[in-house]
Amino acid sequence: MRIFCRYSLQLILSHQSRVLCYLNSCSFISAAVMQFNRRWKFGWGRFSEVDLFTDRHESNAETLSQAIRAAASEEPDADGSVLFGQLKGTVVGLRYYSGVVNQGEMVGLVRQPQNPYDRNAVMVANIYGNQVGHIKKELAAAMAYIMDNNLAKVEGVVFSGTKNTYTMPVMLSFWGKEESKNSVLEQMSRRGYKLNTEGGKLKGTPCTILKNAFDNLFEGLMESKDGEKEAAVSVATPLLLHQKQALSWMCARENKAALPPFWEKRGELYYNTLTCFSAKELPERVRGGILADDMGLGKTLTVIALILTNFHKGKPLPVEKCVSRRVLQSFQAICFMSNLFSPITKCVKIIDLYALGAEGSVLFEDLDFAAALSGSTSGTGSKKKKTDKKSSLTQNDLKARTTLIICPLSVLSNWLDQFEQHMDPNVKLNVYLYYGPERNRSKKFLSSQDVVITTIYTNVLQRSLIPLHGISWLRVVLDEGHIIRNPNAQMSKAVLDLKAQRRWILSGTPIQNSVRDLWMLVAFLGLKPFDTREWWNRVIQRPVTQGDRAGLQHLQTLVKCITLRRTKNSEVNGRPLVSLPEKKVYVEQVELSQPEREEYELARTEGKNTIGRYVAEGTVLRNYADVLAILMRLRQHCCHPDLLAKMSSDLATPAELRERLIEKLRLVLASGSDEECSVCLDSVRLPVITHCAHVYCRPCIAQVISTSGQVAHCPLCRGEIKTSELVEFPQEEMEEENITKPERWRTSSKVQALMGNLLRLRSKDSSIKCLVVSQFTRFLTILETPLREHGFSFVRLDGTMTQKKRTQVIQEFQSSAADSPTIVLLSLKAGGVGLNLTAASHVFLMDPAWNPATEEQCIDRCHRLGQKRKVVVTKFIVKDSVEENMVKIQRKKQDLMEKAFGSTNTDRKTSRIDDIVALMEL
DNA sequence: ACCGCCGGGTGCC
DNA sequence: ACCGCCGGGTGCC
C-alpha cells in the first residue's frame, strides 16, 4: 500500500504539466487505491508522502484520497468527444499481474511515464485499477505522445483471447476533439499504425425521443418500492403512508445486501454487465441513495425517522431516557455482537452502560475508546476488504453512532425545528449544531453525538470540515444534494471525502441540467465503478450525450436503483400522496401611467437601437453586459422608476474600466435576478466578470483558464481572458446600496396594483397572510413605505440577512398571534429552497423571473404540506412591455433547460441571442 | 564461416 | 511461447 501510494503520487507529480496524462493516471489510481492485492514491482519512492503533497497542495492536512479524488474528478467531460478510429493492439506481460479480464471487458489505459524500462509505457488496467498488463512497446511509443498531449483519450476493450497466458489482443478506441483528429491519425500512421475510421459511427437517436426519455428518468420510481415500515417509538409524529414507504425503502437500502445495479452473480463470480468486469468479492454495495421527493412531502421527517429507526442491525437508535423493552433488546444484541468479535472489552462495557440507561456524558470519557471511535479508516484497508467480502459489518463499524447532516444554511434551522417537533419529548437525542466560530471540534465529542448538523457554505467549509473528516460516520445525509453538483468545487471534494457507512442525498430537483450533474451524486454514493470519472464517462455520460439508447437505458436503470421520487401529484392506490389545498394562479395586467409609459418607451427605443446594432454586427455576446443592462433597466421601469441606478459614464483608464465592470456586475447581481454561469449552467457563485464583461463563477472560469493552455478564451465571446483580469465584486459593496434612498417617496402603477389587492384582501379577511416577492431588493424597500402608511404589519426576508435573523423573522410570520405580521417581503432568491411560509396563502409575484422554476419554488414555500387554505398566486405583468415577452420566453426557456444536456454551447449561445431578439421585438 | 543452420535459453514495459 | 528472437556452437553428406 505504501509503495503504491508513493508510486501514484510520483506519477501525479511527474506529469503536472501534462494535463490529460495526469488526469488519466489519477482517475485510475483513485479506483486502484482501494485495491491491495496487487504486486507492485516498482519500489522507487524516495519522497515522503507529505513532501509530495505539499508540493501540489498548500494544505498538508489533506488526505491522500482527497488529492487522488480531486484529480480523478477533474477528468474532463467526454461530451464533445468524437471517435477518431479504432485499432487492434496487443496487451503483453499478462503473466506478471493478477488482474484478470473477461471477454468484452472494458479496460483503461494509463500512462506510466516513470516506468524504468520504457518511459512510453502504457499500463492496461481493469475497472478496479488492477493492472492486467502493458501495451506492446512500439504501440505504446505511438500512444504516449498522443496521451501526454491530450490529443486523444484512448479506451480499450478486450474482445478475445482473455485466457491467454502471455499476451492478448485489445481493441483501442481513440476519442477526442474534432480538431485533434487529423493530428492523431497522422501521429499514429507515422509510426505505422492505421486507425480504422469506419464502422465506428454511433447510430443517433432523434433528440426528442431522448429528451422525453430523459424527462421520464425520475418517473415511476415508486413501482416495486412498496412496503411500509413503522417508525421507532421515539418518533412522535405519525408518518403518512408515503413516508412509511420511504422509510421502508431507505431501511432496505441500508440493510439489505442486494447487488448494486449492473452486477449479477455468475457462478462463483460477481459480474458487471456493463463493463463485463468480474470479481470474486461481492462488490461493495451502496448503502443509501437519493431521496428525491418533491418539496413538502416530508423528506426531513422521513430522515429523522430513519435515524431513529434504523441503527445497526436494523434496530432502533438507542436513545436516552424512555428505555423501553424494545430498545433494551437492541442493546443486548449489540453487546452480544461485540463480545463475539471484539477483544476490546471496553466497548462492551460502554454499551452495557447505555443499556442501563446511564447518562450520556459519562459514556465516552475513555479516551482510548473515543480514539478508536473516531479513528480514521485509512490504513485499515485489509480489514475493510474482509468486511466487503463477508458483507457483514466489523465490530469497528458497529461503533459508528453519528449521523452527519450537511445542509445549506437556509434550512439549518428547519432541521433543528423538525427534530424538536417530531421527537418524543421524553427522549433525549444528542443533536449538535456544528456551526459558528465556537463550535466544538473534538472528534471524541462529535462522534458521541447522535446527530451532527452542519452547513456547507462558502470557503470556510474546507477548513471547518477537516475535523469532520477524521470521524467514521454512521451516516452522512446531504440535504439539497444538488449543491455539490459541480465536481470542481472545493466543497464537493470535501464532501466526497467524508467517511461514512451509509450515504443519502436529499433533493427536490435531482437532475437540473444534465447527466453531468448526476456523476457527483453517484460518486458521493460510492456506486462503483462510476465513482471513477472515466467509467462514468465511458459507460454513461458519453453514450447518453451522443444519443445512444442503451446508454440512456443504463442511466435509467442506475437512477431507478438508487432513487425514490414522488411528486406532489403522485398517487398511491389511486389516491394522492398528500392532499394540498387548491392553488390558483392569476396574471394581473398592469397599465403604466402616461408619464411612466413615456419614460419606458424612451428607454425601449434607445435600447432597441443599441441592441439592434449589436445583432446586426453579430456582437451581442461581446456586448452581453450592455445588453443585460438595457433589459434590466426596462424591467426596472416596469416596477418603479426609482429602481434605475445611475449609470457611470464611459471612460477607459484601468481603474475606471474596473469601476465600469463592477458596475455591470452589480447590475447583474444586485437586482437578485437569476444570472446563469455558462460554464456550470447554474446560478453564478462567487461571481467574477471578465474584461469582455461576461459573468462566471470564479471556480468555473478559473478551471477554463487553467485547462486552456497558453491563451484562454471567454466561453461566450471567445475574447482573450486572463486570471489577472477577472474582476470580483467588492465585498463591502454587496451590502451597501440601501443607503441612497428617497426623501420624497413616489408611487408606481405596480405599487398601486399591489396595494389595491392588499387592501381589498384585508377588508375581506384580516387573517390572510401574503408573500410579496420581487427580484429587486430595492423594490422591496420601496414597498415598505406604502405598507407602513396603510398600517400593515410586515417582515422582510432577503439574502443579506443572517441565519439568526431569518429564523426569527420566519417564526414571527408563522405565528398565529393576533399582532403577528401579515406580509413577508421576500426577495426571489432569498433562502433558496426549504423555507416554510405556510402561514401565507396569497402570493404576489411583482416581476417575472427569467427562470419560471424559481417562481415555482417561491410559490411552493407556502403551497406545501401544512397549508390549510386555498393558495392564490397573482403575477403582475406590465402590459405591452418586456415583461410580457419574458413570460412568453419562460415557456421556451423551460424547454431549453430540459434538453440542455443534449445541446451544445453554441445552441445555448444562439438561444440567448434569440431570447434577446424576442424580448426587444427586433 | 566476414556465412547458414541447428537447437537451447529465454520471454512485458 | 505448440511462438520469435538472441547468441553460441558448429560446419559436406
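Letters A, B, ... are given to chains in the order of the sequence lines, protein chains preceding strands, and every chain is numbered from 1. All values derive from a computational prediction rather than experimental measurement.
Gln112(A) has its CD atom 11 Å from the C1' atom of dC12(B), to the nearest Å. Atoms CD (Gln131(A)) and P (dC13(B)) sit 12 Å apart, rounded to a whole Å. At whole-Å resolution of the value, CG in Asn120(A) and C1' in dC13(B) are 10 Å apart. Rounded to an integer number of Å, the gap from CG of Leu109(A) to C1' of dC13(B) is 14 Å. Atom-to-atom, NZ of Lys136(A) to C1' of dC13(B) comes out at 11 Å; the value is rounded to the nearest Å. As a whole-Å value, the separation of His134(A) NE2 from dG11(B) P is 17 Å.
For Phe530(A), the ring-ring contact (aromatic ring centres under 6.0 Å, His included) test picks out no residue, with sequence neighbours left out. Every residue was checked against the ring-ring contact (aromatic ring centres under 6.0 Å, His included) condition with Tyr270(A), not counting sequence neighbours, and none meets it.
A donor and an acceptor atom never sit less than 3.5 Å apart when one is taken from the side chain of Tyr96(A) and the other from the base of dC13(B). Between the side chain of Asn115(A) and the base of dC13(B) there is at least one donor-acceptor pair of N/O atoms closer than 3.5 Å.
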Would you tabulate the nitrogen or oxygen pairs shorter than 3.5 Å linking the protein to nucleotides 1-4 of chain C?
unit_1: dA1(C); atom_1: N1; unit_2: Arg95(A); atom_2: NH2; d: 3.0

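In summary, Lys153(A) and Glu155(A) do not engage in a salt bridge, as defined by a charged side-chain N under 4.0 Å from a carboxylate O. Using a 4.0 Å cut-off between charged side-chain N and carboxylate O, Lys181(A) and Glu186(A) make no salt bridge.
Each of Leu496(A), Leu525(A), Val495(A) was evaluated against Met520(A); a single residue qualifies, Leu496(A), per the side chain to side chain contact (heavy atoms under 4.5 Å, CB included) test.
Contact between Leu172(A) and Gly89(A) at its shortest, heavy atoms only, is CD1-CA, 4.5 Å.
When the C1' atom is compared between dC6(B) and dA1(B), the two are found 15 Å apart, to the nearest whole Å.
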